[in-house]
Amino acid sequence: MAQRSIKSFFKVSPPKPIVDKTEIQVNGDEVAALNGKEEKKKKVKRQRIESSESESESTNEQIPIKQEKQSPKLYASPKSKKKKILTENKNEVKSPPLKAKSSTKESQKKEVTEKITKKESPKHNLLEKAVKVEPKEEIVEKEKENVQQEKEDKKEVKVAVTEYNPAKANYDPVKDACWSKGEEVPYYALAKTLESIEATSARLKIVSILSNYYRSVIALTPEDLLPSVYLCLNQLAPAYHSLELGIAETYLMKAIGQCTGRTLAQVRGAAHKTGDLGSVAEQARATQRTMFTPPPLKLRRVFAALKEIAHMTGQASVNKKINKIQSLYVASKNQEAKYLIRSLEGKLRIGLAEQSVLQALAVATALTPPHPGGALRDQPYLLDSKKFTCEWKYDGERAQIHVPGDEQPDLGRAAIFSRNQENNTSKYPDILRRLPSLLKGDVSSCVLDCEAVAYDVRNKQILPFQVLSTRKRKDASEAEIKVQVCVFVFDLLYLNGRALVREPLAQRRRLLRTHFNAVEGEWQFATSKDCSSMEEVQQFLDEAVRGSCEGLMVKTLNGEHAKYDIARRSHNWLKLKKDYLDGVGDTIDVVVIGGYMGRGKRAGVFGGFLLACYDPDNEEYQSICKIGTGFSDEDLQTLSETLKAHQIDAPRNYYRFEGAHSPDAWFAAACVWEIRCADLSLSPAHRAAAGLVDADKGISLRFPRFVRVRDDKSPEQATSARQVAQLYLAQDQVKNQANKPTPKEDDFY
DNA sequence: GTTCTCCGAATAC
DNA sequence: GTCTGACTTATTCGG
DNA sequence: CCGAATAAGTCAGACGTATTCGGAGAAC
C-alpha cells in the first residue's frame with residue numbers, strides 16, 4: 001500500500017494525519033457548521049429543552065469547521081437555528097462520521113442502524129448513533145417512566161452519598177443514584193464518578209462508569225446534565241466562546257495555602273512531591289478542622305461559580321477570583337476538594353477527555369451498552385497508489401476563512417478561525433480587507449482552508465513563524481500592522497451554498513482554482529504536485545524545504561470512485577517533515593545541567609531537563625533548551641537515577657542560563673544526550689551562542705526531543721556554541737533571508 | 001493619577 | 001508542536 | 001476454521017519555544 005511504503009521509505013513516525021472529516025450542510029446563506037463540541041451541547045440542550053430558557057445563542061454565529069483533529073468529531077449541521085434542530089427530527093444530521101472507519105461504512109449505515117439494537121456494534125457506530133438516534137426527549141421520557149415505575153414498584157432505597165458507586169455492575173440509574181428525582185445533583189456524586197474513572201484505565205470501562213452517572217442525571221435531574229458534561233470536559237462553554245478561568249497554578253496554590261494556613265512554598269513543595277495539586281488540596285482539607293460544616297456542594301452551583309470566576313475581569317479581579325475559589329474550597333469535602341482544584345487547574349488528569357465523554361453521553365442517552373468487536377469491516381485502503389498529491393506545508397498559522405452570503409458575498413460577516421476554533425477575525429483586518437481580490441465574481445459564499453504566513457512583500461519571501469507570531473493577537477488595526485501575511489489557500493470546503501466536503505480533493509482543488517484568484521504576495525494556492533514515485537516525493541520535499549516550508553502534506557487525490565469519498569480522505573493526510581527523516585533533520589549533542597520534578601504520571605522522577613551546549617571560547621555551558629519528550633518511562637527512571645549521582649547543590653559559576661529556567665536540581669556537566677529538533681530559533685531566554693548571531697539573544701531549539709544518550713562523548717565534546725550558531729545560519733529560511741538585501745526598516749510601504 | 005515592569009495566562013506552533 | 005504508553009480493533013498465522 | 005499473536009490505529013497526557021495580553025504593584 002502506498003502509504004505504508006511512503007512511511008517506511010521516509011521512516012516517518014506513525015501517521016498523524018491531518019484529518020478531513022468535516023461535514024457541513026448548510027442552509028441558505030448560512031455558513032455554519034457545528035463541530036464536535038457544539039454537537040455535545042446540542043445534545044445536552046435537547047435534554048434541557050423543557051426547562052430551557054436557553055441562553056439562546058446568536059443564530060448568526062459562525063462556527064469554525066473542525067477539520068484537523070485526529071479524533072472523531074461529530075459534525076452536524078444545522079439549520080441556522082439550532083433550536084430547530086432540537087425539535088425537528090428530520091433536520092438531524094447524518095452524523096458524518098468522523099472517523100474514517102465509521103464513515104467508510106456509509107454504504108452500510110442503514111444496516112448498522114438496524115443491527116444496532118440487537119447486534120453488537122463497534123463503538124464508532126454508537127457514536128454515530130448517538131447523534132442520529134433520536135429524539136432524546138423520548139428517551140428521557142422513558143427514563144421518567146422507569147422512574148415512575150420504580151417508585152411504584154418499591155420505595156427507593158437511597159444510596160448514601162459517600163457510598164455512591166457509578167462503577168457498579170448492573171447499575172440502575174435510579175436506585176443506585178445518591179440523590180432523588182428533582183433534587184440538585186450533589187457535587188459529591190460527580191467527584192465520586194471522577195475518582196472511579198481515575199482508578200480505571202480501560203477506556204470502555206471509563207465510558208461505562210461515566211455513562212452510568214449521566215444516566216442518573218438524565219433520569220433524575222436532567223437540567224444538571226449540561227454542567228455535568230462541561231465539568232467532565234473541564235470546559236465552561238463551547239470552545240469557540242473561549243471562556244477561560246484565567247487562573248492557574250500559582251494563584252490556586254495561594255488560595256489553598258490561605259485556607260489551610262500554609263505558606264505558598266509549603267503548598268508548592270507538597271504539590272511538587274506528589275505531582276498533583278488536587279491531592280494536596282484534598283489532604284490539606286482532610287486534616288483541617290472547621291468551626292461549622294457548610295452545606296454540601298451542589299454540582300450546578302459549583303459550575304455556576306466557575307463560570308462566574310471566568311467572567312471576572314478588571315480591577316482586583318484576581319483577588320476576587322481567589323476569594324471565590326476559597327469559598328468553594330472551604331465547602332468541599334474529601335474527594336470533592338481534589339476534583340474541584342483540578343477543575344480549576346484546567347486539567348482533570350483522570351484519563352478522560354472529549355472522545356470518551358462523547359461516547360459516554362452517547363451510551364447514556366441511547367441506553368445501549370458498548371460492545372467491542374463488531375461485524376462490520378471496511379477495507380481501509382489508504383493512499384491508492386499513484387493517486388496521491390503532495391502539498392507544501394507552510395510554516396504559519398492555520399486560518400479558516402468563512403464568507404457567508406446569498407446572492408452576494410457578505411464580506412461584513414466574513415470570519416477567520418484558528419485551528420482551535422478561536423475566532424481570529426480581529427487579528428487579520430488586512431486579510432479581510434483584501435478578500436474581494438480573492439473571490440471571483442461568481443462566488444457568493446465559501447469556506448476556505450488556509451495557512452497565514454508572514455511574508456516579506458518587497459523580496460517576495462516567506463518569513464519564519466517566529467516573525468508571524470509577533471503580530472498583535474486581537475483588535476489589530478490595519479494601520480499598525482508591521483508584519484504582512486500572505487495567505488496560502490489549500491482547500492475549499494464550501495462554495496455558493498454547497499458543502500464540498502464529500503467531494504474528492506481533485507474536485508475541490510479544481511473549484512478552488514477556477515473560482516478564486518491568486519494575487520502575488522496576498523493570496524496564493526499552496527504549491528502542489530501529483531507524485532507517483534518515492535523519488536518524486538523526495539525531490540519535492542527538498543524543494544519545499546528550500547522554499548522555506550516545513551515539509552509536505554501528502555493527500556489522496558482520488559477522483560473517480562465516488563464511493564471512496566470522505567472515508568478515505570480522512571485517513572490519508574500524511575505529514576512529512578524533514579526532521580522526521582533520518583539524517584536530514586538537525587541533531588545535536590548537548591549536556592544535561594539541570595532537572596525538573598515531573599508532574600502527574602511523571603511524579604517521582606525528573607520530568608524534564610535543562611540542556612546546555614559547551615562554549616570553549618568562554619569555557620562555559622550555555623543553556624540551549626529544556627527537554628521533556630522522547631523518553632520512554634524506563635528512560636526517565638534510569639536517567640533520573642544516574643543523574644542523581646551527578647547532582648550538585650548549586651549551579652556552577654560557568655553555567656549560563658535564565659533565572660526563570662532554574663531547575664529543581666542541578667547537575668555537574670557529565671552526561672551528553674543527542675537531541676533532535678525541527679528548527680533553531682533566536683531565543684530571548686536561552687544563552688547558547690549568545691553574541692554570535694545576535695548581540696544579546698541566544699539560540700534555542702524548536703520542538704526538541706530526546707534521541708539517545710551519548711555515553712561516548714564527554715561534555716567538552718558536545719556541540720559547541722559556534723556549531724550551534726552555524727546550524728542556525730545554515731537553515732534555509734535564514735539563508736533565504738540573508739540572500740536578499742534586507743530592506744531598511746519600515747518601508748514596507 | 002499615570003506609567004512602567006513583571007509575571008501568569010493563553011495560544012500559536 | 002513531539003513523543004510514549006495503554007487500550008482497542010484489524011489482520012495474520014499456526015494448529 | 002478458529003483462537004492466539006501481532007500489527008495498526010486512537011486517545012490521553014507527559015513535555016517543548018516564543019509570542020502577546022492583561023492584571024498587580026512599584027515607580028514616578
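It should be emphasised that the depicted structure is a prediction, and the values quoted were computed from it without experimental measurement. Naming convention: chains lettered A, B, ... in sequence-line order (proteins, then strands); numbering from 1 in each chain.
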Using whole Å, what does the distance between atom [atom2] of nucleotide [N] and atom [atom1] of [X] come to?
X: A/Ile627; N: C/dG1; atom1: CD1; atom2: C1'; value: 13 Å
X: A/Lys697; N: D/dT19; atom1: NZ; atom2: C1'; value: 10 Å
X: A/Ile322; N: D/dA24; atom1: CD1; atom2: P; value: 9 Å
X: A/Phe631; N: C/dC3; atom1: CZ; atom2: P; value: 12 Å
X: A/Tyr428; N: B/dA12; atom1: OH; atom2: C1'; value: 9 Å
X: A/Lys321; N: B/dG8; atom1: NZ; atom2: P; value: 15 Å
X: A/Ile309; N: B/dA10; atom1: CD1; atom2: P; value: 13 Å
X: A/Phe417; N: B/dA12; atom1: CZ; atom2: P; value: 12 Å

Within the pair [X] and [N], is there a side-chain N or O less than 4.0 Å away from OP1 or OP2?
X: A/Tyr596; N: D/dG16; result: no
X: A/Arg705; N: C/dC3; result: yes
X: A/Lys577; N: C/dG1; result: no
X: A/Lys575; N: C/dT2; result: yes
X: A/Lys472; N: D/dT20; result: no
X: A/Lys393; N: C/dG1; result: yes
X: A/Arg419; N: B/dC13; result: yes
X: A/Gln466; N: D/dT19; result: yes

From C-beta outward on [X], which listed nucleotide comes closest to its side chain: [options]?
X: A/Ser632; options: C/dG1, B/dT11, C/dT4; result: C/dT4
X: A/Glu422; options: B/dC13, B/dT11, D/dT19; result: B/dT11
X: A/Lys626; options: D/dT17, C/dT2, D/dG22; result: D/dT17
X: A/Ser700; options: D/dT17, B/dC13, B/dA12; result: D/dT17
X: A/Thr629; options: D/dT20, D/dC21, C/dT2; result: C/dT2

Q. Out of A/Arg398, A/Arg419, A/Lys555, which one pairs with A/Asp449 under the salt bridge (Lys or Arg N to Asp or Glu O under 4.0 Å) rule?
A.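 The salt bridge (Lys or Arg N to Asp or Glu O under 4.0 Å) with A/Asp449 is passed solely by A/Arg398 among A/Arg398, A/Arg419, A/Lys555.
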Q | Smallest separation among heavy atoms of A/Glu451 and A/Tyr394, with atom names | A |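 Closest heavy-atom pair between A/Glu451 and A/Tyr394: OE2-O, 3.4 Å.
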Q. About how many Å separate NE2 of A/His686 and CD of A/Glu658, when rounded to the nearest 0.5 Å?
A.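 Going from the CD atom of A/Glu658 to the NE2 atom of A/His686 covers 8.5 Å.
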Q.
Can you pull out the residues from residues 680-688 of chain A that lie within a 4.0 Å heavy-atom distance of DNA chain D?
A.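 A/Ser681, A/Leu682, A/Ser683, A/Pro684, A/His686, in order of number.
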Q) Looking at residues at least two apart in the chain, or sitting in another chain, which of them share a salt bridge (charged side-chain N to carboxylate O under 4.0 Å, His left out) with A/Arg708? A)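 For A/Arg708 the salt bridge (charged side-chain N to carboxylate O under 4.0 Å, His left out) partners, ignoring immediate neighbours, are A/Glu674.
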**Q.** Base-pairing assignment for C/dG15 (Watson-Crick or G-U wobble, both under 3.5 Å)
**A.**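 Result: D/dC1.
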Q. If you find the nucleotide of DNA chain B closest to A/Arg473 and the one closest to A/Phe703, which residue's nucleotide is nearer the 5' end?
A.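 Closest to the 5' end, via its nearest nucleotide, is A/Arg473.
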Q) Looking at the rings of A/Trp392 and A/Phe488, which for Trp means the six-membered one, are their centres under 6.0 Å apart? A)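 No, too far apart.
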Q) Does A/Thr719 have any side chain to side chain contact (heavy atoms under 4.5 Å, CB included) partners at least two apart in sequence or in another chain, and if so, which? A)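 Expected list: A/Ile588, A/Asp589, A/Gln723, A/Val724.
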Q) Would you say the side-chain atoms of A/Asn423 pair up with the backbone N or O of A/Thr425, donor to acceptor, closer than 3.5 Å? A)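 Yes, the answer is positive, given that a donor and an acceptor are paired below the 3.5 Å cut-off.
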Q | A/Arg705 side-chain N/O to A/Ile627 backbone N/O, donor-acceptor pair under 3.5 Å | A |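 A pair under 3.5 Å: no.
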Q. Is a donor-acceptor contact shorter than 3.5 angstrom present between the side chain of A/Ser469 and the base of D/dT19?
A.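 Under the 3.5 Å cut-off, the side chain and the base do not form any donor-acceptor pair.
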Q.
Between the base of D/dT19 and the side chain of A/Arg471, is there a donor and acceptor pair under 3.5 angstrom?
A.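 When only heavy-atom distances are counted, A/Arg471 does not reach the base of D/dT19 through any donor-acceptor pair under 3.5 Å.
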Q: Using a heavy-atom cut-off of under 4.0 Å over every strand shown, decide if A/Leu468 touches base, sugar-phosphate, or nothing.
A: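 Result for A/Leu468 = nothing.
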Q. With a 4.0 Å cut-off on heavy atoms, is A/Gly608 in touch with a base, just the backbone sugar-phosphate, or nothing at all?
A.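 Result for A/Gly608 = nothing.
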**Q.** Charged N-O contact under 4.0 Å between A/Arg471 and A/Asp430
**A.**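 Looking at A/Arg471 and A/Asp430, the cut-off is met.
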